[in-house]
Amino acid sequence: MRRILAILLENEAGSLSRIVGLFSQRAFNIESLTVAPTEDASLSRITIVTKGDDKILEQIVKQVNKLIDVLKVTDLTERQHVEREILLIKVLAMNDKSRTEVMRITDIFRGAIIDIGKQVYTIQLTGDAEKINAFISTLGNETEIIESVRSGCVGIARGEKALRVK
Amino acid sequence: MTTERYSGAELVVKALSALNVKYLFGYPGGTVLDIYDALFKQQDVEHILVRHEQAATHMADGFARATGEVGVVLATSGPGATNCITGIATAYMDSIPMVVLSGQVPTGLIGDDAFQETDIVGCSRPIIKHSFNCRDIAEIPNIIAKAFYIASTGRPGPVVIELPKDLLMPGQSAEFSMTTEISIRSYNPTVKGHHRQIKKAVQAISQAQRLVIYSGGGVIIANAAELLQVLVEKLNAPITNTLMGLGGISGLHDNFIGMLGMHGSLEANKAMAHADVILALGARFDDRVTNNVKKFCPNATIVHVDIDPTSISKTINAHIPVVGLVDIVIKQLLTELEATDFSVNEKDNQDWWQQIEQWRKVKSIGYENEVKGSKIKPQRVIEAMYQATNGEAYVCSDVGQHQMFAAQYYPFAKPRQWINSGGLGTMGFGLPAAMGVKMAFPDSHVICITGDGSIQMNIQELSTCLQYNLSVVIISLNNRSLGMVRQWQDMVYGGRHSSSYMESLPDFVKLAEAYGHVGIQINSLNELDEKLTKAFAIKNKLVFVDVLVDEKEHVYPMQIRTGAIDEMWIKKGVKA
């Protein structure tokens, strides 16, 4: 089962390596990982997408919590949450027909063309993983994908629930 | 008013002194020479010079296990630091408080593949509780104080501090300022059990008909042995110890049913298998205990008390988890038992003990005596060792058959008397660990029980023993083999002894003498007791006792692989 973990930890040298190391050391799965400092510069927030049954998830959460640098861990998938990912994708747009088609698909998915070259369009799309997967596969049927990059998932709980210190 | 300023190296030593560190186990090298210079100029902290950094970590470890204090190690960057890895991993697996100070190349050279540079923080990451990179000289004392705090609280473990050389040299200086009240916002171990869980635990215990207490190293670490005895007697419950938990209850106590697990007693494993409630105290359901987890004690309600939440429901699901320090939780359990007017159900309790007595009668911890002219049985040596020391020695073990025989045949009356590498199984641990114990308790008998394989993994420390006059008694069960490997090859690999016997062993007596010690060889049963007594009577000299034992002997009982906890070979070809 797919899970999204949000982790609040000290923004210190080596903190990230402890998290990544823990996952590989204990054979936990990482589907995606994003990290950046929070509004409080002493803290970083990591979002990890992982897979596992309840027993594995319980171990992951406990093991992450056990790291001295970690302040909070939560499984966002336990309750209502919002998740987003950003995709930048460069596709071949050689002629009017393919340009029109690419623009049409981008519109439907509410993406934006953010750069153009002689023969290429670069498109930005945000959404959850499912939407991004659908966009990539639709686009791939119409034209050639030259390269793409995904930010990995970030997530936040809906409503009043928050991951913060104190 | 001017406040005195110190170099980084002086700050390191001042911090150790302020933390009451008596001994620092280490080996000098380029990046830590400033610390060695600072050590030279003071009296508070005594440096013990080992012959290999691995031994420094085991010595600090042995010292920590025997005293409960933090063991402290100093090593230089690069090979000095990497030589510590095995010792750090050993301490990590057995939850031993340790602080390792490692040199590092100057900050400006880090990452350049400089001479004797290794990323020790990276190398040690999976086997430490925490680590620190030092990048500001003024922070050195606080980092050391934090390291001690982290190493010794919660579930203890090793902490590594990396000290770049430029921070230690006289070029930079800072005032000495070290906080005494440590608070780390991201580190707050739960010490007290949740009251609802305590109530649930007591309810389960009260309703149990066949209760077993299964206690581990956590009881030793938390100094909870006395409280445990009160609990055992209050419940009149059978108690079994893990390899790490031996001494948590006296090995001579009526309620003690022996060690459990792979080479545990039949009665301990049977009691676990038939229990309806298992109270696990500071133990972690290790694979050497459970055998096949799918067949593990299917009818038992498991109450699991541990300071480390990750240990709970990791391998075996706990029905009633209690996170907390074992001594505090036992107190809470006792209070709740009082509050609920607990009394032992005599009928159930008697039936249960009668059943256990039946298993005890099998006498699973036993061996066949020597026949005339045969070699000495290794088990016999442990019994003789027990007699010769009145059961009062610190027994520090290496890893292998001798370790299991010692665990089975030397009942430990007190906690911290049995010192062994249970989790990692580090051959070479025994001698340096015994040296660390001897540093702490110079007037006690300290035994290193070892074999011809293990002893050679850190034998260079015989030289350190001479330098510091560490009169350890080394008892080597010499079977000219890697006994445990050989045993598995006999049992599982069709008797093919692939690389498990030792050709060209040294003459251990001469070797001991060459290092300036006393060497004694025992090769027949009729001289065993007399020569052992003699060995223990020699004061202020290390004695190396080389006992030639039967190389064909196997450790029994032994769990049958993939079976349930109580499926065991009692002796060759005989199942329980």
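No hydrogens, no waters, no symmetry mates; every other heavy atom, side chains included, goes into these values. Residue numbering restarts at 1 for every chain, and letters A, B, ... go by the order of the sequence lines.
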Non-hydrogen atoms of chain B under 4.5 Å away: do they reach the side chain of [X], the backbone, both or neither?
X       : answer
A/Leu8  : neither
A/Lys72 : neither
A/Ser42 : both
A/Gln25 : side chain

Steps toward side chain to side chain contact (heavy atoms under 4.5 Å, CB included) verdict (A/Glu58, B/Lys314):
CA-CA 9 Å; A/Glu58 182 184 331; B/Lys314 181 169 62 184; over 6 Å; no
With a 4.5 angstrom heavy-atom cut-off, is it the side chain or the backbone of B/Arg135 that approaches chain A, or both, or neither?
neither
Is B/Asp308 close to chain A through its backbone or its side chain, or both, or neither, when contacts mean heavy atoms under 4.5 Å?
side chain
Verdict with reasoning, B/Ser186 to A/Val70, per side chain to side chain contact (heavy atoms under 4.5 Å, CB included):
CA-CA 6 Å; B/Ser186 56; A/Val70 170; 6.0 Å; no
Please determine whether the number of non-hydrogen atoms from other residues, nucleotides or ligands lying under 6.0 Å from atom [atom1] of [X] exceeds 12.
X        : atom1 : result
A/Leu92  : CG    : yes
B/Lys200 : NZ    : no
A/Met103 : CE    : no
B/Asp113 : CG    : no
B/Arg288 : CZ    : no
A/Lys131 : NZ    : yes

CA sep, side-chain torsions, deciding dist, call: A/Lys62, B/Ser311, side chain to side chain contact (heavy atoms under 4.5 Å, CB included):
CA-CA 9 Å; A/Lys62 284 173 168 181; B/Ser311 286; over 6 Å; no
List the steps and the verdict of side chain to side chain contact (heavy atoms under 4.5 Å, CB included) for B/Ile128 and A/Arg18.
CA-CA 11 Å; B/Ile128 43 137; A/Arg18 291 180 214 279; 4.0 Å; yes
I'd like to check A/Lys66 versus B/Pro309 (side-chain heavy atoms, cut-off strictly below 4.5 Å). Are they in contact?
no
I'd like to know if the side chain of A/Gln59 reaches the main chain of B/Thr310, judged simply by a donor and an acceptor atom lying under 3.5 Å from each other, with no hydrogens or angles considered.
yes
Donor-acceptor pair, side chain of A/Lys55 and main chain of B/Ser313, under 3.5 angstrom:
yes
Between the side chains of B/Arg185 and A/Glu10, is the shortest nitrogen-to-carboxylate-oxygen separation below 4.0 Å, so that they form an ion pair?
yes
Over all atoms of both residues, closest heavy-atom pair of A/Ile68 and B/His130:
CB-ND1, 3.4 Å
With rounding to the nearest 0.5 angstrom, report the CD1 to CG distance, B/Ile184 to A/Asp69.
9.5 Å
